[in-house]
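In what follows, every chain begins at residue 1, and chains take the letters A, B, ... in the order their sequences are listed.
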Number of protein chains: 2
Amino acid sequence: MTSQDDRCGSGPADGARACTVREALDRVGGKWSIGILIAASTGPVRFTELERRVEGISRRMLTLTLRNLERDGLLVRHVHATVPPKVEYTATPMARELYESLVALTRWAERHRDAISGARAAYDREHPVAKPTQSV
Amino acid sequence: MTSQDDRCGSGPADGARACTVREALDRVGGKWSIGILIAASTGPVRFTELERRVEGISRRMLTLTLRNLERDGLLVRHVHATVPPKVEYTATPMARELYESLVALTRWAERHRDAISGARAAYDREHPVAKPTQSV
DNA sequence: CTGCATCCATCGGGATACTG
DNA sequence: CAGTATCCCGATGGATGCAG
């Protein structure tokens with residue numbers, strides 16, 4: 001958090017391009033950002049509702065991720081001053097655009113899912129953790 | 001690395017969608033993956049060349065990231081058995097497709113760059129690290 | 001030239017308990 | 001209900017030295 005260290009003036013060539021991509025990636029890089037964004041993209045969602053919908057997330061991480069998304073302007077937090085506190089989170093148009101941009105990536109993942117796991121299997125087959133000095 | 005723990009059967013609703021996105025994100029989630037991919041997408045690049053082009057990367061991280069990308073089938077490693085070793089890395093078509101899919105994200109980042117930094121500034125302004133018992 | 005091994009600092013993130 | 005505070009661990013990544 002609060003990490004703004006990446007110097008985008010990396011300079012030598014395609015550093016700028018790489019950096020711009022990372023700008024976007026960094027907003028969704030967390031383990032839970034996407035899940036939360038999706039859950040909140042259909043309308044206002046309450047804290048507890050998110051806790052159930054995202055499934056697997058801890059209260060702590062939910063809060064942290066929520067704060068980051070809010071800070072980046074991807075989520076809007078609305079507090080109802082009622083007796084049992086009620087807080088609703090809503091994805092901003094910017095967040096929905098982000099999600100739209102992500103579909104290309106999703107499709108890529110679907111298209112190459114097999115190729116990738118294949119490549120991994122092949123790699124692992126040809127690159128066993130060969131310890132020359134140890135062979136049973 | 002070698003982390004394949006994400007259970008995509010998250011179940012309850014949009015968990016599947018979120019998971020597929022993460023599949024793609026996880027290949028480029030590293031700090032250097034994108035930079036290397038871009039540098040290698042225009043043609044075969046040597047190890048040292050990459051070390052210069054990526055700029056800021058350490059020899060260690062270059063090697064590690066290279067191995068991961070190779071394992072995922074995004075990079076092909078070609079070793080020339082010459083006296084001074086010469087190894088070239090080339091992005092696979094799959095990797096170039098990945099890069100293409102990332103342009104949508106890039107555009108999103110460009111479009112909302114100002115909005116985001118603005119949101120951050122506003123948030124930080126309204127949420128100072130207020131520690132009641134400590135001031136100075 | 002290419003790359004692995006080691007040491008070390010930092011960070012994300014899980015578990016749990018406490019509070020307005 | 002909606003958080004906040006602590007503790008704690010594994011992963012990430014930087015620096016450096018050694019080796020084929």
Between [N] ([atom2]) and [X] ([atom1]): distance, integer Å:
| X | N | atom1 | atom2 | answer |
| --- | --- | --- | --- | --- |
| A:Ile36 | C:dG13 | CD1 | P | 11 Å |
| A:Leu75 | D:dG3 | CG | P | 11 Å |
| B:Leu62 | D:dT12 | CG | C1' | 16 Å |
| A:Asn68 | C:dC11 | CG | P | 14 Å |
| A:Glu55 | C:dG14 | CD | P | 14 Å |
| B:Ile57 | D:dT12 | CD1 | C1' | 13 Å |
| A:Glu70 | D:dA2 | CD | P | 14 Å |
| B:Ile34 | D:dG13 | CD1 | P | 13 Å |

**Item:** Inter-residue atom distance B:Cys19.SG - B:Leu25.CG, 0.5 Å rounding
**Value:**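 Output value for this atom pair is 11.0 Å.
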**Asked** Rounded to the nearest 0.5 Å, what separation is found between the CD1 atom of B:Ile116 and the CG atom of A:Asp26?
**Response**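 Result: 10.5 Å between the selected atoms.
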[X], nearest nucleotide to its side chain (from [options]):
| X | options | result |
| --- | --- | --- |
| A:Pro85 | C:dG14, D:dG3, D:dA2 | D:dA2 |
| B:Arg46 | C:dT2, C:dT6, D:dC1 | C:dT2 |
| A:Lys31 | C:dT2, C:dG14, D:dA2 | C:dG14 |
| B:Thr63 | D:dA2, D:dG14, C:dC4 | C:dC4 |
| A:Arg77 | C:dC4, D:dG14, D:dA2 | D:dA2 |

**Item:** Over 12 non-hydrogen atoms of neighbours within 6.0 angstrom of CZ in A:Arg77
**Value:**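 Above 12, so yes.
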**Request:** Let me know, please, whether A:Arg59 or A:Trp32 comes out on the 5' side of the other along DNA chain C by nearest nucleotide.
**Result:**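 The residue mapped nearer the 5' terminus is A:Trp32.
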**Prompt:** Of the options A:Leu37, A:Leu64, A:Val28, which is the one that meets A:Leu69 in a side-chain contact (heavy atoms from CB on, under 4.5 Å)?
**Reply:**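 So the option named by the test is A:Leu37.
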**Message:** On DNA chain D, does the nearest nucleotide to A:Glu88 precede the nearest nucleotide to A:Arg60 from the 5' side, or the other way round? Give the residue.
**Reply:**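 In this pair, the answer is A:Glu88.
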**Request:** Can you label the angle between the B:His78 ring and the B:His80 ring as parallel, tilted or perpendicular, going by 30° and 60°?
**Result:**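 Ring orientation, 0 to 90° scale: perpendicular.
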**Asked** Just to confirm, is there a sub-4.0 Å distance from OP1 or OP2 of D:dC1 to any side-chain nitrogen or oxygen of A:Thr82?
**Response**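 No, no such contact exists.
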